[in-house]
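Here's the structure we're looking at; comments come further down.
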Protein chains: 2
Amino acid sequence: MIMARPQKYQREKVIDAAQALFWQKGYQATSVVDLQSATELKPGSLYKAFGNKDGLLQAVLENYSNNTLLFIDSLTEKHSSVMAVLEVFLNRQIDRSCEKDAEGCLLVNSLLELQGYKPQLETEVKQQLLRVQVRFAQLIEQGIKSGELSDKMDASGKATAIMTVVWGLSVMSRMSPNKTHLQTFCDDFLATMSS
Amino acid sequence: MIMARPQKYQREKVIDAAQALFWQKGYQATSVVDLQSATELKPGSLYKAFGNKDGLLQAVLENYSNNTLLFIDSLTEKHSSVMAVLEVFLNRQIDRSCEKDAEGCLLVNSLLELQGYKPQLETEVKQQLLRVQVRFAQLIEQGIKSGELSDKMDASGKATAIMTVVWGLSVMSRMSPNKTHLQTFCDDFLATMSS
DNA sequence: TATTTTATTGAGTGATCATTCAATAACTTT
DNA sequence: AAAGTTATTGAATGATCACTCAATAAAATA
């Protein structure tokens with residue numbers, strides 16, 4: 001393999017910097033000039049690496065949802081009970097929602113911003129969100145089989161419920177919510193899932 | 001009062017047309033040219049009437065949240081029990097979320113799109129969302145006093161919970177959700193509120 | 001060292017954006 | 001009917017946008 005003139009920049013760092021910007025300001029409000037400053041990439045390099053602004057967002061979204069899946073997996077390894085995993089995950093969402101300048105979930109933000117405007121990116125975001133939902137469904141399936149979770153609703157239904165709560169928290173994070181209120185809400189919700 | 005050259009257009013119709021556009025495409029993706037076509041207003045008239053694009057969105061948001069409050073009030077008049085009001089409201093949210101090209105809640109969409117980009121409009125959106133949340137808190141307060149709702153959590157906490165669910169449904173509406181799953185989720189949620 | 005290959009550079013491009021304003025038209029008042 | 005008032009009109013403006021590309025620089029190979 002011929003390799004003349006290797007890349008000076010680190011792809012990971014570039015994606016992280018871009019992610020921070022897209023998360024703070026959203027897709028449209030983030031100009032390519034902003035991205036050039038944050039990533040310290042000249043326009044030509046940026047377009048060489050990611051095609052265009054859409055391609056950069058796509059790389060960011062993949063990175064973001066990969067991290068989410070990795071986090072779920074790490075919780076699954078750490079805790080033996082499925083309920084514990086759900087509880088810890090929700091509590092982290094609550095903590096994030098109550099931070100001072102909480103920005104919610106990048107995937108949710110992107111989904112709502114890009115609806116009916118960038119169909120291709122919208123599809124991409126939906127797929128990433130579905131990946132997370134499916135991972136939860138798999139986890140819950142185990143919990144139902146082991147008898148830990150009730151079998152009143154199937155795993156798919158329970159996963160839908162949990163995603164609705166998580167995404168609700170993501171929106172709520174923009175409203176300076178009361179932490180105790182959210183905790184009580186999530187406790188009650190989790191109670192409806194266990195057997 | 002001197003009135004030479006009265007307005008040719010109807011302010012309500014203009015706001016409705018603008019609302020439809022903002023709802024479909026979001027604030028940034030809706031160009032002033034789009035708004036001119038939809039409202040059949042020339043740029044000068046539009047700016048005379050609303051100041052600028054932000055002013056038009058503000059008028060739309062006020063109109064939107066007024067309608068939401070009116071809807072809650074109409075349910076309150078129609079049903080004697082608070083639980084019935086909450087149930088009907090949530091069921092309408094579910095129905096909307098499962099429509100073919102569901103667009104979620106305009107206020108939620110706007111909140112997430114404008115975060116960290118248009119602080120003034122963001123504040124406006126938060127206020128409109130809070131108006132709705134407060135109206136629910138007042139309604140729930142009655143339900144607690146009458147003993148219909150449990151007093152385990154105060155009215156403010158219960159209102160936070162319900163808004164989290166409603167906003168979660170608003171996001172979920174973009175994901176072609178399963179109606180039965182949402183209904184079961186909301187039934188279980190309402191059960192945690194009653195005494 | 002000379003050649004080849006490829007990433008980097010950054011000024012430049014055309015399109016689109018929100019917004020303005022002087023001219024005009026329509027309605028009321030006198 | 002004339003004068004006065006104000007909404008309407010639409011071409012024009014300047015700014016910003018995402019994006020391009022020919023020139024250049026740096027590393028690997030011969």
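Chain A is the first sequence line, chain B the second, and so forth, proteins listed ahead of strands; every chain is numbered from 1. Predicted model only: the values in this text are computed from it and were never measured.
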>> One character per nucleotide, please: for nucleotides 12-23 of chain D, 5' to 3', B when the base has a protein heavy atom closer than 4.0 Å, S when only the sugar-phosphate does, - otherwise.
In response: -----SSBBB--
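- A:Y9 places its OH atom 15 Å from the P atom of D:dA27, with the value rounded to the nearest Å.
- OP1 or OP2 of D:dT9 lies within a sub-4.0 Å distance of a side-chain N or O belonging to B:K8.
- We find that CD of B:E40 is positioned 10 Å from P of D:dT9, with the value rounded to whole Å.
- Rounded to whole angstrom, the span from the CD atom of A:Q10 across to the P atom of C:dT8 amounts to 12 Å.
- A distance-only check finds no donor-acceptor pair linking the side chain of B:S194 to the backbone of B:L149 [under 3.5 Å].
- The distance between atom CZ of A:R5 and atom P of D:dT24, rounded to the nearest whole Å, is 14 Å.
- Classification of the A:Y64-A:W23 ring pair by plane angle, with boundaries at 30° and 60°, yields perpendicular.
- Side-chain contact annotation: B:E103 with A:Q115, donor-acceptor N/O pair under 3.5 Å absent.
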> A:S31 and A:D34: side chain to side chain donor-acceptor pair (under 3.5 Å), yes or no, with the steps?
Replying inline: CA-CA 5 Å; A:S31 73; A:D34 292 338; 3.3 Å; yes
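- The existence of a salt bridge linking B:R174 and A:E122 is confirmed by a sub-4.0 Å separation between a basic side-chain nitrogen and an acidic carboxylate oxygen.
- Counting to the nearest Å, the P atom of D:dT9 and the NZ atom of B:K42 are 6 Å from each other.
- Relative orientation of the B:F89 and B:F136 rings is perpendicular, given thresholds of 30° and 60° on the angle between their planes.
- Between A:F50 atom CZ and C:dT8 atom C1' there is a gap of 15 Å when expressed in whole angstrom units.
- In this structure, B:L41 places its CG atom 9 Å from C1' of D:dT8, rounding to the nearest Å.
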